[in-house]
Amino acid sequence: MIAFVSGPVAALAPTTAVIEVGGIGMALQCTPQTLADLRLGQEARLATSLVVREDSLTLYGFADDDERQVFELLQTASGVGPRLAQAMLATHSPDALRLAVSTGDEKALTAVSGIGKKGAQKLLLELKDRLGAPVGAHIGQQGVAAPHAAGWRDQLQAALIGLGYASREAEEAVSAVAPQAEAAVAEGTAPPVPQLLRAALQTLNRAR
């Protein structure tokens, strides 16, 4: 079990960070929020979870141990693999997920790409006694107001800058995908940061 990795950031991609550990580049699958806090060449310490499959070994990276723990607990529910668990954490903070499960907030779970109404209902039943109560203070009036949802512009811009784009390019790309985010907010769901990041990168690639 690799509990964490620590070292300089050697490379960043839309879904991956490479951390140099003892001369070896460790590729970690990360959420946009985690990637947004990383900078090329700077030291980083990420909690990790190693997922072993017959044909692959995949290392997932997290901002802290709490996020890693929730990632692993989510996978104890039937039908939840590492990719869906990571998508849930890309949409909601660990505390927001705890709150959603403890209050039976079906709408919060269906905001995650890949989870429909029936899937959300099933997850609420299976995870009810596993995630525990919220431990932080980021609780919104409507139940799940994750800090991720509230600051999608900052997260997206920071992620683009971390990938090497200039501030002006990042701002223009964020503005280009703003209608998608605002549409999600209008529907009462959290802006899907991973999808917005991909759309922003497509905008930047077309501009070059």
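Start at 1 with the first residue, then count along the sequence.
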Quiz item: How far apart are the closest heavy atoms of Leu127 and Ala77, and which atoms are they?
Solution: CD2-CB, 3.9 Å

Quiz item: Taking atom CZ of Arg83 as the centre, does the number of heavy atoms from other residues, nucleotides or ligands within less than 6.0 Å exceed 12?
Solution: no

Quiz item: Linking I/L/V/M/F/W/Y whenever any side-chain heavy atoms sit under 4.5 Å apart, do Val21 and Phe4 land together?
Solution: no

Quiz item: Considering only heavy atoms from C-beta outward, does the side chain of Val9 approach that of Arg39 to under 4.5 Å?
Solution: no

Exercise. To the nearest 0.5 Å, tell me how far Lys117 NZ sits from Ile115 CD1.
Key: 15.0 Å

Exercise. Determine whether Leu125 and Leu109 fall in the same hydrophobic cluster, where Ile, Leu, Val, Met, Phe, Trp and Tyr are linked whenever their side-chain heavy atoms lie under 4.5 Å apart.
Key: no

Self-check item: CG-CD distance between Leu35 and Gln33, expressed to the nearest 0.5 angstrom
Solution: 9.0 Å

Exercise. Considering non-hydrogen atoms only, spot the tightest contact between Ala47 and Asp65 and give its length.
Key: CB-OD1, 3.4 Å

Quiz prompt | Minimum-distance pair of heavy atoms, taken over all atoms of Arg98 and Val70 | solution = NH2-CG2, 3.5 Å

Quiz item: Which atoms form the tightest heavy-atom contact between Ala44 and Ile19, and what is the distance?
Solution: CB-CD1, 4.3 Å

Quiz item: Distance from Ser175 atom OG to Arg153 atom CZ, nearest 0.5 Å?
Solution: 6.0 Å

Quiz item: Are any non-hydrogen side-chain atoms of Ser78 and Lys122 less than 4.5 angstrom apart?
Solution: yes

Quiz item: Cluster question for you: counting only ILVMFWY and a side-chain heavy-atom cut-off of under 4.5 Å, with indirect links fine, are Leu57 and Val18 together?
Solution: no

Self-check item: Residue pair Met26 / Ile2: nearest heavy atoms and the distance that separates them
Solution: CE-CD1, 4.1 Å

Quiz item: Which pair of heavy atoms, one from Arg53 and one from Val51, lies closest together, and at what distance?
Solution: NH1-CG1, 3.3 Å

Quiz item: Does the side chain of Arg68 pick up a donor-acceptor pair with the side chain of Thr48 at under 3.5 Å?
Solution: no

Quiz item: Roughly how far, to the nearest 0.5 Å, is CD of Gln86 from CZ of Phe62?
Solution: 6.5 Å

Quiz item: Does one side chain, of Gln121 or Glu106, offer a donor that lies under 3.5 Å from an acceptor on the other?
Solution: yes

Quiz prompt | Spacing of OG1 belonging to Thr31 relative to CD belonging to Glu67, to within rounding of 0.5 Å | solution = 5.0 Å

Self-check item: Heavy-atom check, side chain of Val174 versus side chain of Glu171, under 4.5 Å
Solution: no

Quiz prompt | Note, Val112 side chain near His92 side chain (heavy atom, < 4.5 Å) | solution = yes

Exercise. Ignoring hydrogens and angles, tell me if any N or O in the side chain of Thr203 forms a donor-acceptor pair with the backbone of Ala199 under 3.5 Å.
Key: yes

Exercise. Measure from the side-chain N and O atoms of Gln180 to the backbone N and O of Val177, and report whether any donor-acceptor pair falls under 3.5 Å.
Key: no

Quiz item: So, do Pro94 and Phe71 sit near enough that their side-chain heavy atoms are less than 4.5 Å apart?
Solution: no

Quiz item: In this structure, which one of Leu74, Leu123, Asp105 forms a side-chain contact (heavy atoms from CB on, under 4.5 Å) with Leu97?
Solution: Leu74

Quiz item: How many angstroms lie between atom OG of Ser49 and atom OH of Tyr60, to the nearest 0.5 angstrom?
Solution: 9.0 Å

Self-check item: Heavy-atom check, side chain of Pro14 versus side chain of Leu201, under 4.5 Å
Solution: yes

Quiz item: Got a donor-acceptor contact below 3.5 angstrom from the Gln42 side chain to the Leu38 backbone?
Solution: no

Self-check item: Arg130 side chain to Thr76 backbone, donor-acceptor under 3.5 Å
Solution: yes

Self-check item: Single hit among Leu46, Thr15, Thr16, Asp37 for side-chain contact (heavy atoms from CB on, under 4.5 Å) with Cys30
Solution: Leu46

Quiz item: Is it the case that one hydrophobic cluster holds both Leu12 and Ile24, taking links as side-chain heavy atoms less than 4.5 Å apart, direct or via other members?
Solution: yes

